[in-house]
Structure formats: C-alpha cells, structure tokens
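Notes to accompany the following structure.
So that the names make sense, note that chain A is the first sequence line, chain B the second, and so on, each numbered from 1.
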Protein chains: 2
Amino acid sequence: MGEAVREPRQDRSRATRGRLLAAAVDCLAEVGWTGSTVSVVAERAGVSRGAAQHHFPTREDLFTAAIAYVTDERVEFLRAALPTLPPGPDRTRFVVDAIGEMYAGKLFKAALQLWVAAASDEQLRAQVLPLEARVGREAHQLTVEALGADESHPGVREAVQATLDLARGLGLANLLTDDTKRRHRVLAEWATALSAKLATLP
Amino acid sequence: MGEAVREPRQDRSRATRGRLLAAAVDCLAEVGWTGSTVSVVAERAGVSRGAAQHHFPTREDLFTAAIAYVTDERVEFLRAALPTLPPGPDRTRFVVDAIGEMYAGKLFKAALQLWVAAASDEQLRAQVLPLEARVGREAHQLTVEALGADESHPGVREAVQATLDLARGLGLANLLTDDTKRRHRVLAEWATALSAKLATLP
DNA sequence: GGTGAAACAATCAAGCGTGCATGCTTGAAA
DNA sequence: TTTCAAGCATGCACGCTTGATTGTTTCACC
C-alpha cells in the first residue's frame, strides 16, 4: 500500500483529506446520496474506512465538508470559464453555452444530490442553503459581467436569472439521459432572445 | 417479473392500494427517497406494514407503482390546469404561470426525488424514463395548444421547450426555500418575451 | 351457513451502515 | 535514540430496513 513518495506528515494528511473530499463528490455524482456510504467513499479515495473516520468523525462531517468543497469547485469553474470568452456579436451565445455546460457537468450532478437530499434533512439544508446562495450570487455576477449587461434597465436582472434557471432545468433533464443536442438547440434559441433583449437598451 | 396485473376484487383492497400510493407520493415529497421506508409509507397510509407488503411484495414494487401513479397525477394536473385558461392578450402570461405552479407543487417534488434517485439506480431509471418522457410530451403538447402556438415556425418549438425547462429550473430552486416571488418575476419577464416571439409570426 | 381465497397483521432472520473502542505505524521534536 | 501525538487500520456492537413466514380476519360464492 505504501507506494510513491511518502509526503511530510501534514501534507500527507492534507492530501488524504483532499482525496476523501474529491472522492465524496465523485461518489455523489455517480452513485448518489444514499449510495455514497463512507466505505464507498473511502475505498474510492484509496484509504481505509478508519482513516476517513479520523478526518471526518461522522458521515455528516464528511459531507458537510464536501458541500463546501463542491461549492468552491463550482465557483472556480465559473470563474475560469466565463471571463475568457471572446468578445463580439456571438458573446451572448458563448456565455449561455458555457453556463449550460456548467449545469451539465459532474459538479452539478453532485450538488444536485446534496440539494435534493437537503430538502428532507434539516441539518443538511442548513449547510447547503448559504453555500448554494453563494454559488447563485457568484454565477449571477459573473454572468452579468460576461454579458456586459446593465442591470439598471428593467427586466435585465430577471433575464439573467432566467438564463441561470433555464440552465438548471436543462441540467436536470441531462441527469438521466444525454440531452446535449436538445440543450444546444434550446440554448441557441434562448441566446438570440436574450441578446435581443440586451440590445434594446445599451 | 411478468406479473398479471391482478385486479383487486374488493373495493376495500383497491382503496388500501390507492392510499398506499398516495402516501408514497406524500412521503417522497416530504421525507425524500431514503426516508420513504415501507414502514413510514404504511403508517401514513393508515395500514400495517404487512398489508403494504401484501399489495407490494417488495419496496421496489411499491415505488414502481408510485412512479406510474405520480405520472398520471401530473398529467391530470396539466390537463386540468391548462385548457381552462381565459383567452386574450394575457393568455401567454397565464399559461406560463400555470406551468410554473405545476413545477412548484408537491407532485413535482415527489417526481424529483424519483428522478434523482433514478440517476444512480438502473432499475428505477428503466421505470422512470419512459413515464417521464410521457409527461414531457404531454406537457409540451398541452402547452402548445394552450398558447395557440404554431410549431412549424422556426424557433417556436425551442421556445416552448425553454418554457418547460425554465419551469423545471425554477421548481428546483423552489425546493429548499419558498421562491414564489422571484419565480413570478422571472416568469412575467419571460412571458413577455415569449408572447413577443409568438406574435411575430401568426 | 359453510368454505376457500383474498386481505390484513405480527413476528423472525439476514444484511448493511454507522459509530466507537482498540491497536499499530509514522515522523518530528526532545 | 527515545518519546509522544497525529495519522491510520481493524474489529465489534447497535440500530434500522427489508423480505419471508406464519397466523388471523374479512368477504364473495356455493
């Protein structure tokens, strides 16, 4: 088992912790909330169940940390994807597509499992709500900037929110089947309507 | 698996079966997929666990039937809500709002639990997919009729689908918090855009 | 009214996930 | 080198859920 270079004490511990969190997110996306037992997560992380229990005494501790972890990952994803879009007439199209991809990926699937599980778990809900709100604010802000939209105009704020809500709905549809083709068609149509809306008042 | 769908001979039996299915849907919406044990469902239905087991030998049998049940309920809901909308200039607004309500209600919450659980359960997915597809087709068809839209025009079909996907996304946002106010604002804005789109080519 | 099958109830065994308690290993400081 | 705490591994007990078994009641039909 002891393979590769043994890291210094603290770094190795941090690495184990990180592997556990990454494995928790992967498991959520692949085997769901109920299927993500600590044994399964630990095995995927390549550590023993006892090691997992050392870092996260209870299962709740593990997934509480996983929520924060996946939140950071999603914000990071958005920050990385949105600002690099080329300016020009098709910018709206690119932005809308990028958001669509974000809500079709592994991170969203994992977050969705937490989101739905939190609907019937008070403890979890208390953890999920503030962090999801942060993702929402961040996504909204980044989208406004990427689109170059002016929220002081009436309806613009709602149009941006609708874009994010639409992406969520499309992401949901993408859970059970690969909905990529339909998503691109819908988003393409949506992008034209959105850029028309934004063009009326710049 | 090939079971002859045995018709209950007695009214009492049929009533018990119906209560179990209704209770299963309620439990899904309130305590989620993992919390909906057969004991919980049976207790809510006011029958013993043995009675539940008589009607549905396994838990899978129970929720397989519950999927079909909630599907029928959702289609019924749509059929009842959409065609009764008053015609006129605000019809688009009414239709969009009605769809939004549909995806904010108990039936959607229950279906969402099944949907997410099915993402990591092959058996469940096989049951959910065709029935959800039926709900999707039905919702699309009814929406087109209620809007009086002509799908032969380019973009109209995508606009209707976007309406449904947007409603799904808003319904998801409505899971953990009461999102009614924001939903109405977003849908109002979308309704104006949608009616503008539909008005360009009638 | 008796009979048999369906409907309902109660109990039991097995599997699984969690949490705890107990050891072993590592590595840095004394 | 010795020491000691953090990191890690293993085994066990408890609670919960499921599915099967057996017993009891209800009801249609002869």
Note to self: Taking salt bridge (charged side-chain N to carboxylate O under 4.0 Å, His left out) as the definition, give me every residue that meets it alongside A:Arg125, ordered by chain and number, with sequence neighbours left out.
What the structure shows: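 A:Arg125 satisfies salt bridge (charged side-chain N to carboxylate O under 4.0 Å, His left out) with A:Glu122 only.
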
Check: [Y] main-chain N/O paired with [X] side-chain donor or acceptor under 3.5 Å:
X        : Y        : result
A:Arg59  : A:Ser36  : yes
A:Trp115 : B:Leu172 : yes
B:Asn174 : B:Asp179 : yes

Next item on the list: Tell me which residues in residues 42-55 of chain A put a heavy atom below 4.0 Å from DNA chain C, sorted by number, or none.
Entry: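 DNA chain C contact set from residues 42-55 of chain A: A:Arg49, A:Gln53.
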
Given atom [atom1] of [X] and atom [atom2] of [N], what is their separation to the nearest angstrom?
X       : N      : atom1 : atom2 : answer
A:Phe56 : D:dC8  : CZ    : P     : 11 Å
A:Arg14 : D:dG7  : CZ    : P     : 10 Å
B:Arg59 : C:dC16 : CZ    : P     : 16 Å
A:Glu60 : C:dC20 : CD    : C1'   : 17 Å
B:Arg19 : C:dC8  : CZ    : C1'   : 12 Å

Notebook entry, point to check: Cut-off 3.5 Å, side chains only: do B:Thr64 and B:Asp61 have a donor facing an acceptor?
Noted result: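 Side-chain D/A pair, B:Thr64 to B:Asp61: absent.
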
Check: Without hydrogens or angle criteria, can the side chains of B:Glu189 and B:His184 be said to hold a donor-acceptor pair below 3.5 Å?
Finding: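 Short answer, no.
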
Next item on the list: Look at the side-chain N and O atoms of A:Thr16 and state whether any lies under 4.0 Å from the OP1 or OP2 oxygen of D:dC8.
Entry: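 So the side-chain polar atoms of A:Thr16 do come within 4.0 Å of the phosphate oxygens OP1 or OP2 of D:dC8, strictly under.
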
